[in-house]
Amino acid sequence: MSITREIINETKEYSAHNYHPLPLVIERGEGVWVYDVEGKKYLDLLSAYSALSHGHRHPKIINSLVEQASKVTLTSRAFHNDKMSTFLKKLCKISDYEKALPMNTGTEAVETALKAARKWGLLKKGVPENQGEIIVCENNFHGRTITIISFSSEAQYKYGFGPHTPGFKIIPYGDEEALERAITPNTLAVLLEPIQGEGGVIVPPEGYLYKVREITRKHNVLMILDEIQTGLGRTGKLFAYEYEAAKPDILILGKALGGGVYPLSAILASDEVMSVFTPGDHGSTFGGNPLACAVGKTALEVLLEEDLASKAHENGVYFMRALQGINSPLVQEIRGKGLLIGVEIKPQYGTARPYCERLMELGLLCKETHQQTIRFAPPLVITKAEIDWALERIATVLK
Ligand SMILES: *Cc1c(COP(=O)(O)O)cnc(C)c1O
């Protein structure tokens with residue numbers, strides 16, 4: 001039996017079956033490339049759902065990791081550490097917010113944003129306790145906790161995990177009139193993604209975010225933007241909201257914030273919002289740990305130094321045009337922004353999964369999302385030559 005088979009079998013034997021991975025076993029990664037246990041090389045076009053925007057093992061980021069690991073890794077927030085404040089300052093400066101609160105995973109940051117909104121509603125907006133409502137969008141993806149799946153519109157994410165958390169209202173995505181109709185005096189916030197990544201790379205109509213910003217401002221409702229996947233350069237701007245000058249009241253970041261090496265997330269907000277938290281209200285043992293913060297600070301530096309947002313923009317346009325140029329009869333639609341691109345397969349040609357499997361055989365790693373869509377989200381450090389290499393193979397599979 002091959003090593004690959006052995007490891008896959010062992011995984012099946014000992015792990016929960018909550019994933020359906022492609023049948024390869026990665027052993028090593030560098031830049032945009034990964035190598036499996038058989039020594040075969042693949043171009044990573046998924047980059048861990050955008051967590052690897054800097055590529056695998058960016059030398060500067062690894063250097064920070066190793067350097068910090070040789071000093072201190074974890075202090076808990078019971079004490080100060082010498083890395084958290086410099087990281088948060090950098091994050092606040094580059095994103096133009098007053099305050100940041102660090103967590104570990106994206107899901108935790110979303111939960112943090114929801115808690116902030118609820119308490120803000122009580123203390124600042126004067127909505128009676130337990131009456132506040134948060135509006136979310138159909139087809140959203142914000143994580144996997146019980147509260148977050150409570151407002152998912154995906155039956156599978158919810159089935160069997162009830163009772164669900166109340167206090168959420170679901171409206172159609174991309175429809176600002178539905179938003180305005182849904183707002184009541186008890187509405188605290190609207191939570192949404194600038195582009196629905198997990199939902200199939202759904203790009204809302206132009207002007208939508210701008211209008212959401214206007215409506216929320218008018219009604220004293222917080223706009224919470226989940227840029228865990230779209231943020232930090234992915235869509236060709238540092239943040240996707242910049243396309244429409246729709247700076248949210250609470251910005252949620254994760255994934256690439258940890259430079260592809262360490263879980264790190266955060267929410268950013270004004271002092272007015274963040275001040276609702278007082279000691280003991282909220283926390284995390286690992287949140288703000290020095291290892292994460294050292295890595296996060298370097299990840300932000302690399303992002304700016306290498307101008308990854310501009311690269312994502314330029315290469316995104318190039319990639320998207322070339323994909324359109326393939327003129328595949330199998331393709332329903334190609335959509336996205338920057339280096340977050342979805343290729344939707346027409347239902348009569350089956351689901352996206354077998355195409356991902358064929359691409360894997362040709363040395364390209366990507367993953368289907370929402371049955372019909374292949375998502376291409378390579379590390380932002382990818383070059384045009386590497387995109388060309390990918391395109392040749394994509395054309396082979398889609399022709
Ligand atoms: C990945 C993702 C999350 C969840 O992040 P985790 O780190 O997996 O908890 C939340 N929102 C969006 C938009 C995401 O893409």
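For ligands, and for the atoms within them, numbers begin at 1 and follow the listed sequence.
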Measure up the [X] and [Y] rings against each other and bin them: parallel (under 30°), tilted (30 to 60°), perpendicular (over 60°).
{"X": "Tyr241", "Y": "Phe239", "answer": "parallel"}
{"X": "Phe277", "Y": "His282", "answer": "parallel"}
{"X": "Phe376", "Y": "Phe319", "answer": "tilted"}
{"X": "Phe168", "Y": "Phe151", "answer": "tilted"}

One residue to check: [X]. Relative to ligand 1, which of side chain, backbone, both or neither has a non-hydrogen atom less than 4.0 Å away?
{"X": "Phe141", "result": "both"}
{"X": "Glu193", "result": "side chain"}
{"X": "Glu108", "result": "neither"}

Looking at [X] and [Y], does any basic side-chain N land under 4.0 Å from a carboxylate oxygen?
{"X": "Arg234", "Y": "Glu227", "answer": "no"}
{"X": "Glu198", "Y": "Arg375", "answer": "yes"}
{"X": "Glu301", "Y": "Lys297", "answer": "yes"}

Only heavy atoms of [X], strictly under 4.0 Å: list the atoms of ligand 1 that pass.
{"X": "Asp226", "result": "10 (C), 11 (N), 12 (C), 13 (C)"}
{"X": "Gln229", "result": "15 (O)"}
{"X": "Thr105", "result": "7 (O), 9 (O)"}

Please write down residue, atom name and distance for the protein heavy atom closest to [atom].
{"atom": "atom 15 (O) of ligand 1", "result": "Lys255 NZ, 2.6 Å"}
{"atom": "atom 7 (O) of ligand 1", "result": "Gly106 N, 2.9 Å"}
{"atom": "atom 8 (O) of ligand 1", "result": "Thr107 OG1, 4.3 Å"}

